[in-house]
Amino acid sequence: MNNADYSQKVIEMKNITKKFGSFKALDGVNLTLHKGEVHALLGENGAGKTTLMNVLYGLYAANEGEVYVKGEKLTSANPSIAIEKGVGMVHQHFMLVEPFTVVENIMLGTESVKGLGVLDSESAKEKAEEIMEKYGLKVKLDEKVEDISVGMQQRVEIIKALYRGADIIIFDEPTAVLTPQEIEDFIKIVEELTHQGKSIIIITHKLREIKAMADNCTIIRRGKYIDTVKVSEVSEEELAGKMVGREVNFDVEKKEKEAGEVVLKLENLTVKDNRNIEKVRGLSLELRRGEILGIAGVDGNGQSQLIEGMTGLRKIESGKVILNGVDITNRSPKEIIGAGLSNIPEDRQKRGLVMDFKISENMILENYNKEPFSKKGKLNKKAISDFANTLIAKFDVRPANEEAYAKELSGGNQQKVIIAREVTNNPDVLIAAQPTRGLDVGAIEFVHKSLVEQRDQDKAVLLISFELDEVLNVSDRIAVIYDGKIVGIVNPKDTDEKELGYMMAGGGVHDEE
Amino acid sequence: SGGGDEGGESGEKSIRVAMVTDVGGVNDQSFNQSAWEGLQKAEKDFGIGASYVESTQDADYVPNLETLLDSNNELIWGIGYKLSEAIKTSAENNPDQKYAIVDYSYGEETPENVVGVVFKAEQPSFLVGYIAASMTETDKVGFVGGIAGDVIDGFEYGYRAGVAYANKELGKNVEVLVQYAEAFDNPAKGKAIANSMYQQGADIVFHASGGTGDGVIEAAKEQNKYAIGVDRDQNYLAPENVITSAMKRVDMGVYNLVEELKDGKFEGGSTKVYGLEEGAVDIAPTSSDNVPKEILDKVDGIKEKIVAGEIEVPLNKETFEAYTETLK
Amino acid sequence: MKNKQIFLTIFSVLLGLVVGGIALAVSGYNPLEAYGIMIEGVFSRPRYISWTFIRSVPIILTGLSVAFAFRTGLFNIGAEGQYIVGAATAALAGYFLELPAGIHAVVVIIIAMVAAGVWGGIAGLLKSKFGVHEVISTIMLNWIALYLNNYIVFWDKFRRPQSEASQKILETAQISILGGLRTSGNEFIRGIFSTPVNLGIAFAVLAALFVWYTLNKTTLGYELRAVGYNRDASEYGGINVNRSIVISMVISGALAGLGGATQVLGVTKEISVLAAMEGNGFDGIAVALLGNTTPLGSVLAGLLFGGLKYGGPKIQPALGAPSEVIDIMIGSIVFFTAMPNFIKVIAHKLKKKRGEAE
Amino acid sequence: MISLTEIAFILGTTLMYAAPLMYTALGGVMSENSGVINIGLEGMMTIGAFTGATVGYFTGNPWLAFLAAGVSGGLLALLHAVASITFGADQVVSGIAMNFLGGGLSLFLSRIFFDGATLTRPINLDDKMPRPFNGIFERNSVLDLVLNQYATVYIAFLMVLLIWFVLYKTRLGLRIRSVGEHPKAADTLGINVHRLRYFSVVCSGILSGFGGAAMSIAVVSNFRPTLISGQGFIALAAMIFGKWKPQGAMWACLLFGGAQGFIIYFGGTGVNISNQLLSMIPYVITLLVLMGFVGKSNGPKANGEPYMKQDLNL
Ligand SMILES: Nc1ncnc2c1ncn2[C@@H]1O[C@H](COP(=O)(O)OP(=O)(O)OP(=O)(O)O)[C@@H](O)[C@H]1O
Ligand SMILES: Nc1ncnc2c1ncn2[C@@H]1O[C@H](COP(=O)(O)OP(=O)(O)OP(=O)(O)O)[C@@H](O)[C@H]1O
Ligand SMILES: [Mg+2]
Ligand SMILES: [Mg+2]
């Protein structure tokens with residue numbers, strides 16, 4: 001972004017080592033940040049990026065190594081000290097108190113008071129308004145955080161940091177949950193921040209964003225420092241190679257294939273959300289055998305309700321779901337699964353797994369009451385563990401121990417368990433909702449391969465993703481969802497992100513009413 | 001502190017007597033405590049060993065009796081009618097062991113090794129009813145019961161009869177408000193009920209409700225009204241307000257029986273009935289502090305009549321109704 | 001893993017005994033003497049052992065009830081009320097039904113378990129249908145059960161005259177065992193059976209087996225546990241979540257009700273007016289927690305607490321020491337089981353010290 | 001029909017019964033808004049009742065007694081705090097332990113201080129909590145019936161106001177609630193999660209102790225084993241009923257108190273309803289209300305979750 005002033009080091013982390021028990025999450029990592037610089041931090045899942053930043057922010061105390069902020073050594077680990085020194089952090093999972101208003105969140109921890117500890121929201125609002133003005137960040141201060149969009153929530157986080165006078169801001173995977181439009185806005189905000197002399201550290205798995213935003217990039221692998229490179233001098237492939245220590249194939253390998261007969265038909269579906277608002281509004285769609293149909297769309301346009309409606313988790317108000325010619329509208333989840341519809345759920349920890357169950361128990365979640373896993377209500381332990389072991393081997397789940405609990409697995413391996421289970425159900429239609437969210441490139445590769453395999457076996461796959469890249473690379477056809485309806489179906493070969501983004505934002509849609 | 005520590009150490013003490021309380025516990029300010037005081041007095045006077053075990057739930061009675069059975073007690077007391085079944089079973093299983101029970105009569109079926117000790121609670125209740133009716137200025141008095149049953153019936157109907165007697169004799173028309181707390185250990189409720197009665201215009205409330213009655217007395221204190229205590233002389237709880245108490249000298253019953261035991265006169269298979277005659281029921285000695293002498297004089301007259309059998313005090317609904325007929 | 005858990009539990013119990021000992025010592029009693037009396041009071045005679053079992057049965061069963069619910073993600077504070085309902089129903093059915101011996105008892109137990117199951121099921125239903133948290137609904141149901149019990153006792157057709165108790169159940173409904181052994185020539189056997197020892201302990205063991213088997217070996221157990229751990233995932237996997245919650249509470253309630261029923265059929269033979277909660281359900285919570293919510297653990301913890309509750313009060317006539325020290329001990333034991341981290345720290349410190357000393 | 005004085009009587013009785021519950025429910029509000037479940041309110045209330053009665057008896061100073069009751073409840077709560085905050089204990093389990101300890105300690109100590117009795121000796125009327133409006137209104141007049149209450153009743157309402165104010169209007173309150181909703185967020189902002197939770201839990205013990213004393217030195221004048229029996233749990237229910245808000249908890253407590261008032265009133269009217277059935281009413285009403293009107297009430301999000309920055313570094 002070229003606002004960097006290399007004569008001023010604002011952060012120096014030297015030889016940082018951090019242990020959790022006997023496990024070394026960080027092992028001698030270095031990082032230097034200059035004034036006005038945007039510095040990317042790259043590494044696989046679990047490489048230690050977040051841990052490193054938590055050390056910087058004072059949430060963890062390092063076992064070894066030193067941290068200097070603007071030349072001063074930090075002597076103890078405590079967020080208040082970091083805050084005082086001008087370090088702000090926007091966490092991967094937003095650190096916002098949902099039932100609080102925006103302004104309450106902004107001032108929390110550095111509240112203005114009138115005396116006797118009585119809150120003075122007015123002066124906090126004034127101060128926040130000033131910041132919003134200066135950096136072009138607009139949010140409604142009196143709304144509750146739980147009622148605003150994710151993009152807005154991120155702005156709140158940024159304002160929070162600035163409110164505390166931060167001039168060094170750490171972003172942990174800031175774009176993972178944003179829409180393309182919001183990502184663009186975010187890049188502009190970063191630009192504006194560095195322009196005003198702020199320094200930025202950004203963690204992201206998206207190499208393109210690194211290229212777009214960062215001046216330099218530090219790469220760590222399994223807690224070890226690998227390299228720091230000038231972003232303008234390396235390609236995306238080189239970055240990825242450094243990150244995983246081998247070559248990475250970005251393209252999804254996919255043979256040409258003719259789609260077959262229609263297997264799933266959605267007719268005029270209407271589904272409401274928890275607040276009783278119609279989120280899916282007269283949606284129709286056809287899915288054929290042997291194709292991957294991608295659904296592109298900005299979060300909140302009815303994707304979740306659509307999936308829940310189809311899978312029997314939410315009532316369909318009107319319309320029909322027809323699978324293999326059978327009407328499965330508003331059947332119970334059990335019946336729908338039985339009819340041949342499987343689902344890799346959006347939220348793997350909430351819906352996909354029972355975290356306190358063993359891998360083996362999770363593997364039979366939909367089939368525990370079928371033979372051979374049980375007979376007349378009695379579980380067959382041997383059949384279950386044999387089954388689990390087969391899948392563990394086939395899908396390379398680590399650790400390869402059916403007795404391990406789901407909560408002990410890493411995100412990528414949790415996803416593998418789900419995919420193994422759903423694919424083994426041998427469904428006619430597989431719904432994959434955000435199947436690669438939060439996964440690193442290696443894991444993503446695996447997931448995409450699995451989806452394509454399904455397609456090649458003449459199954460139908462419905463891929464729902466906010467990642468345009470993914471939708472474009474993996475799908476055979478792309479349907480764009482906007483405001484609860486399909487607003488267009490395009491061929492990935494004949495389109496690009498720009499057009500999709502336009503459609504996803506409702507461009508070209510004219511409401512009938 | 002505690003019970004029977006002295007009793008435990010010396011093997012010389014010839015006789016050991018112990019008791020099992022009901023769930024009220026030994027310091028219930030009511031009959032359990034009274035019984036324990038009787039035993040302690042016996043310990044002092046006769047040099048016996050005395051101890052107790054407290055019960056915390058009904059299921060404790062049997063094992064508690066067994067605990068005492070194993071510690072070589074000459075006589076084991078069960079305090080309160082709640083223990084009647086447990087005592088009976090235990091007595092039948094251990095024919096060589098002597099038992100006694102307070103507030104319960106097995107009548108004809110009393111086992112040979114058991115003595116029942118019962119009190120004519122209706123008699124002192126009659127007397128306090130008379131006092132209440134004589135002293136009320138509002139012509140309304142109250143009765144707060146614990147849980148309805150034969151024992152508390154005696155108090156209620158004795159009291160009502162006393163009021164009825166006074167109504168006739170004094171030409172008054174005193175009304176009796178009656179309410180049960182359905183609990184023997186809920187002073188808050190006792191207080192609220194008494195408050196309700198005072199609010200309705202009663203100025204004297206008699207209670208036969210164990211710990212619940214503490215609340216009744218509390219209400220009297222707060223409202224500066226009168227209350228009448230039960231079982232023991234409860235005047236000490238509110239000297240200005242507890243004008244009298246319908247005393248049931250459980251201590252005396254216990255003490256007397258231990259004395260008989262010591263003298264080798266223990267007579268199993270019988271029931272001892274204590275009334276005014278034996279001096280085991282009466283109004284509290286402190287009554288003279290608050291009750292005018294002329295009323296107390298009249299009470300003495302009534303006592304004589306009861307002892308002489310001229311007045312037969314009713315002890316339940318039926319006898320009470322019959323009794324009111326005779327007053328007409 | 002398992003060994004560690006057992007170690008933590010034993011350590012908690014020891015710490016609890018230490019705390020109890022300190023309380024006794026501070027108030028001027030010799031803790032060793034007191035513990036001696038308790039141990040003697042439990043083990044020195046066959047009869048005492050019987051009593052310990054008798055005292056343990058209800059809390060083992062309420063413990064199993066709580067543990068079962070716990071394993072399915074529900075916190076059943078209502079074992080107390082379910083126990084009461086079981087007891088009251090057993091007393092009613094034991095008195096009013098007229099059936100041949102043996103069959104009568106079986107029928108009574110079934111009816112009591114059904115009634116208590118329904119009582120637990122109400123809380124389950126309220127949770128699944130109306131989202132009422134089971135902790136609050138079971139607290140309310142406990143009180144309703146208590147007054148219901150008193151209402152039943154005071155019912156004129158059922159109340160035993162001159163008492164605050166109900167009629168006795170019929171002979172045919174009793175579950176005392178082997179009455180003949182009471183007059184056995186063998187002193188030990190005579191001692192054991194001189195108490196109202198009954199089939200309760202057998203029921204408790206059977207119930208523990210049932211809980212273990214159901215939870216670990218059946219699809220029902222799988223469903224219930226899945227729902228307990230993660231309702232969303234269970235729903236997604238096709239499990240009927242609402243039904244599971246109700247079933248779980250029904251079973252939990254039935255277990256507590258079995259506790260009440262065995263107590264009535266085997267020990268008290270009647271029910272009486274309850275002035276306050278007797279605490280069987282709350283003791284059950286302690287039992288379940290100390291037992292790490294496992295069936296075997298609950299049985300062992302139930303026996304331990306049963307022993308404390310039976311043997312503990314004996315220090316009162318013997319030493320004049322307050323028997324409430326038992327509650328302090330139970331409280332401390334539960335307290336320490338709540339915080340394994342604390343014990344880990346202590347164990348670590350001890351280890352380090354030993355290391356230094358060497 | 002029901003007369004004005006009768007209504008006044010019911011109201012007065014309602015207040016008498018509600019006040020102890022209110023303190024304790026407020027205690028629950030404090031603790032759980034900071035994210036620590038406190039199922040041990042019953043034990044804390046019990047020890048408060050005992051301490052209040054004991055200190056009141058020996059010193060004759062009701063205010064000292066009231067404070068001491070708060071301190072005792074606070075000390076017990078401190079144990080709960082150590083377990084559930086520092087050692088990341090299961091808060092429900094620890095709370096259950098508090099109930100055993102609170103009850104056990106009270107009776108144990110009572111036997112030591114009162115010659116083996118579990119019943120403490122009564123406090124003189126003059127040494128009980130004062131009644132600020134006593135003697136101002138004509139006895140048993142409408143105003144007297146409603147307003148002639150012990151100071152504890154009025155303090156309870158002040159406490160509702162105070163805690164509402166603290167929680168929703170002050171910095172401290174904002175922080176307490178943030179710690180209960182999202183402790184990690186608070187932590188990243190330099191807020192000391194553990195300190196705030198300690199504060200709130202200890203406050204909850206103090207309030208519960210007050211609640212116990214409001215029973216033992218105002219409603220009645222001594223402590224006995226069955227004095228509290230279950231009121232702590234009722235207060236817990238009231239707090240949930242009141243959706244974890246001070247004012248909500250207050251209304252719920254008034255509902256429970258009101259039901260008691262009605263029971264007493266009905267019991268005196270000679271209407272032939274079983275006392276037992278009447279006694280069930282408040283609990284049945286609560287269930288119905290929860291079913292019908294309140295529905296799902298969710299507490300603070302992080303309620304019950306220990307916040308441990310990292311595993312204990314051994
Ligand atoms: N906060 C934590 N406390 C304890 N263990 C943790 C914590 N976070 C993660 N782990 C464990 O550490 C291991 C590694 O997790 P992580 O998600 O970082 O793995 P990963 O290397 O990114 O794997 P993948 O690439 O498959 O996602 C897992 O066993 C996980 O359960
Ligand atoms: N509190 C913790 N206790 C134990 N292990 C931890 C803890 N936090 C992180 N870890 C482990 O440390 C390693 C690094 O984790 P970290 O969260 O820093 O990874 P990351 O690079 O941010 O991964 P991701 O891309 O998935 O966010 C992982 O293996 C993780 O499991
Ligand atoms: Mg990861
Ligand atoms: Mg991370």
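Every chain is numbered from 1, with letters handed out A, B, ... down the list of sequences.
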Practice prompt. Sorted by first residue and then second, give each salt bridge (Lys or Arg N to Asp or Glu O under 4.0 Å) pair with at least one member in residues 12-22 of chain C; sequence neighbours left out.
Written response: none
Chain D contact via [X] - side chain, backbone, both or neither, heavy atoms under 4.5 Å:
X	result
C/Leu126	side chain
C/Phe282	both
C/Val19	neither
C/Ala288	neither

Heavy atoms only, distances under 4.5 angstrom: which of [options] has the most pairs with chain C? Name it, please.
options	value
D/Gly88, D/Gly104, D/Gly102	D/Gly104
D/Ser279, D/Pro225, D/Pro306, D/Gly103	D/Ser279
D/Thr286, D/Leu277, D/Leu109, D/Leu236	D/Leu277

Given heavy-atom pairs under 4.5 angstrom as the criterion, report whether the side chain, backbone, both or neither of [X] touches chain C.
X	value
D/Ile112	side chain
D/Ser229	both
D/Phe256	side chain
D/Leu105	both
D/Thr118	side chain

Does [X] reach the side chain of [Y], with side-chain heavy atoms less than 4.5 Å apart?
X	Y	result
C/Ile77	D/Ile39	yes
D/Asp90	C/Leu289	no
D/Met98	C/Phe335	yes

Item to complete: Give the C-alpha distance, both sets of side-chain angles, the deciding distance and a yes or no for ring pair (Phe, Tyr, Trp, His ring centres under 6.0 Å) between C/Phe305 and D/Phe100.
Response: CA-CA 13 Å; C/Phe305 285 168; D/Phe100 280 98; 7.4 Å; no
Worksheet, complete the sentence: Residues of residues 141-151 of chain C with a heavy atom under 4.5 Å from any heavy atom of chain D, in residue-number order, are C/Leu141, C/Trp143, C/Ile144, C/Tyr147, C/Leu148, C/Asn150, C/Tyr151
Nearest-0.5 Å distance, [atom1] of residue [X] to [atom2] of residue [Y]:
X	Y	atom1	atom2	answer
C/Ile328	D/Leu107	CD1	CG	9.0 Å
C/Gln316	D/Arg111	CD	CZ	4.5 Å
C/Met140	D/Tyr283	CE	OH	7.5 Å
C/Leu24	D/Phe108	CG	CZ	5.0 Å

Worksheet, complete the sentence: Ranked by heavy-atom pairs below 4.5 Å to chain D, first place among C/Asp327, C/Ile122, C/Thr337 goes to C/Asp327
Response to the item:
Heavy-atom closest pair (D/Ala97 atom, C/Gly331 atom, distance to 0.1 Å) is CB-O, 3.3 Å
Item to complete: Quick one: closest heavy-atom pair of C/Ala276 and D/Thr226, and the distance?
Response: CB-CG2, 4.3 Å
Worksheet item: Under 6.0 Å from the OH atom of C/Tyr35, do we count more than 12 heavy atoms belonging to anything else shown?
Response: yes
Discussion item. Would you say that more than 12 heavy atoms from the other residues, nucleotides or ligands in this model lie under 6.0 Å from the CZ of C/Phe11, or not?
Written reply: yes
